[in-house]
Asks: 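One structure, as structure tokens, below. Some questions next.
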Amino acid sequence: QKEVEQNSGPLSVPEGAIASLNCTYSDRGSQSFFWYRQYSGKSPELIMFIYSNGDKEDGRFTAQLNKASQYVSLLIRDSQPSDSATYLCAVNLGSNYQLIWGAGTKLIIKP
Amino acid sequence: GAVVSQHPSWVICKSGTSVKIECRSLDFQATTMFWYRQFPKQSLMLMATSNEGSKATYEQGVEKDKFLINHASLTLSTLTVTSAHPEDSSFYICSAGDRGTSGEQYFGPGTRLTVT
């Protein structure tokens with residue numbers, strides 16, 4: 001069974017610090033990896049995606065992918081209270097856009 | 001780019017009636033659209049995958065005769081909840097895949113359904 005696992009949290013981080021969110025996946029055939037943010041009562045929004053080993057940076061966000069260890073992470077630098085949300089990790093196996101979803105990590109940024 | 005709209009944003013209906021939810025990709029063509037349901041404080045649950053011009057593929061445990069999905073064009077998919085019951089009250093979210101991208105899905109804003 002193809003799985004994506006995340007720590008449900010909540011993960012509490014002080015404002016201005018680095019928040020580190022982790023995700024592991026079971027299928028070595030996974031090709032693309034996505035991080036979505038979901039505020040309470042809202043639909044998910046795409047933050048960034050990565051498909052090559054290494055780091056990918058976009059503003060305060062950095063996605064890291066290690067295919068050998070089958071994990072992907074999201075770092076949020078200079079965390080702000082507005083970053084408080086549930087972060088969803090999703091994996092694409094390469095066909096039909098269908099994503100395998102993690103259950104999400106709730107992140108709380110404390111002022 | 002990659003904007004998905006959903007209508008209505010919220011709806012209240014009486015038990016036994018049917019409700020139709022529309023999902024539109026506004027600035028791209030979506031050969032594949034997805035319908036999710038999310039109960040409070042729970043994870044996204046994929047209900048079905050719809051491809052333009054063909055029958056939807058439903059996830060195990062989702063009643064295809066209750067949740068009717070139509071994907072008649074590359075920009076529009078509809079979900080009809082038939083004979084709604086209070087236990088169908090939930091947050092329904094659609095998403096669409098943009099052709100030529102890396103497989104990401106773009107989500108509509110969701111529809112909150114309350115069945116009384």
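Naming convention: chains lettered A, B, ... in sequence-line order (proteins, then strands); numbering from 1 in each chain. Basis for what follows: all heavy atoms, side chains included, without hydrogens, waters or symmetry-related copies.
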Asks: So for atom NE2, which belongs to His7(B), do other residues, nucleotides or ligands contribute more than 12 heavy atoms lying within a distance under 6.0 Å?
Replies: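 Check fails, neighbour count at 12 or below.
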
Asks: Looking at NZ of Lys42(A) and CZ of Phe107(B), how far apart are the two atoms once the value is rounded to the nearest 0.5 Å?
Replies: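 Lys42(A) NZ to Phe107(B) CZ: 15.5 Å, rounded to 0.5 Å.
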
Asks: Within the supplied structure, the quantity of interest is the number of heavy atoms (other residues, nucleotides, ligands) at a distance under 6.0 Å from Lys66(B) NZ; does it exceed 12?
Replies: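 Correct, the count exceeds 12.
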
Asks: Of the backbone (N, CA, C, O) and the side chain (C-beta and beyond), which part of Gln42(B) lies under 4.5 Å from a heavy atom of chain A, both, or neither?
Replies: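 Neither part; nothing is under 4.5 Å.
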
Asks: To the nearest 0.5 Å, what is the distance between CZ on Phe49(A) and CD on Glu104(B)?
Replies: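 The CD atom of Glu104(B) is 5.0 Å from CZ of Phe49(A), to the nearest 0.5 Å.
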
Asks: Any link between Val4(A) and Met45(B) through a network of hydrophobic side chains (Ile, Leu, Val, Met, Phe, Trp, Tyr) touching at under 4.5 Å?
Replies: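 Hydrophobic grouping puts Val4(A) apart from Met45(B).
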
Asks: With a 4.5 Å limit on heavy-atom distance, are the side chains of Gln98(A) and Thr32(B) in contact?
Replies: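 They are not in side-chain contact.
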
Asks: For the residue pair Ser43(A) and Gly108(B), what are the closest heavy atoms and their distance?
Replies: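 Result for this residue pair: OG-O, 2.7 Å.
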
Asks: Is it the side chain or the backbone of Leu46(A) that comes within 4.5 Å of chain B heavy atoms, both, or neither?
Replies: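 Side chain only.
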
Asks: Is a side-chain N or O of Tyr36(A) found less than 3.5 angstrom from the main chain of Gln105(B), in a donor-acceptor match?
Replies: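 Side chain of Tyr36(A) to backbone of Gln105(B): a pair is present.
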
Asks: Leu44(B), Val62(B): one ILVMFWY side-chain cluster at the under-4.5 Å cut-off?
Replies: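 Hydrophobic grouping puts Leu44(B) apart from Val62(B).
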
Asks: Evaluate the side-chain proximity of Leu88(A) to Ser43(B): yes if any heavy-atom separation is below 4.5 Å, no if none is.
Replies: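 No, too far: nothing below the 4.5 Å cut-off.
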
Asks: Determine whether more than 12 heavy atoms belonging to other residues, nucleotides or ligands lie under 6.0 Å from atom OH of Tyr51(A).
Replies: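 At most 12 heavy atoms, drawn from other residues, nucleotides or ligands, come within 6.0 Å of this atom.
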
Asks: Identify whether Leu11(A) and Ile76(A) are in the same connected component of the hydrophobic contact network (ILVMFWY, side-chain heavy atoms under 4.5 Å).
Replies: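 Result: yes, single cluster for both.
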
Asks: Between Val91(A) and Leu65(A), is there a shared hydrophobic cluster once you connect ILVMFWY residues whose side-chain heavy atoms come closer than 4.5 Å?
Replies: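 Yes; tracing contacts between hydrophobic side chains, which count when under 4.5 Å, links both residues.
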
Asks: Does Trp101(A) have its ring centroid less than 6.0 Å away from the ring centroid of Phe34(B)?
Replies: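 Ring centroids of Trp101(A) and Phe34(B) are no less than 6.0 Å from each other.
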
Asks: Step through the shown structure and confirm whether more than 12 heavy atoms of other residues, nucleotides or ligands are within 6.0 Å of NZ on Lys67(A).
Replies: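 Yes, enclosed.
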
Asks: When heavy-atom pairs shorter than 4.5 Å are enumerated against chain A, which of Ser95(B), Pro40(B), Pro109(B), Gly110(B) gives the highest number?
Replies: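 Heavy-atom pair counts peak at Pro109(B).
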
Asks: What part of Gln38(A) gets within 4.5 angstrom of chain B, counting heavy atoms only: side chain, backbone, both, or neither?
Replies: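 Gln38(A) touches chain B through side-chain heavy atoms alone.
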
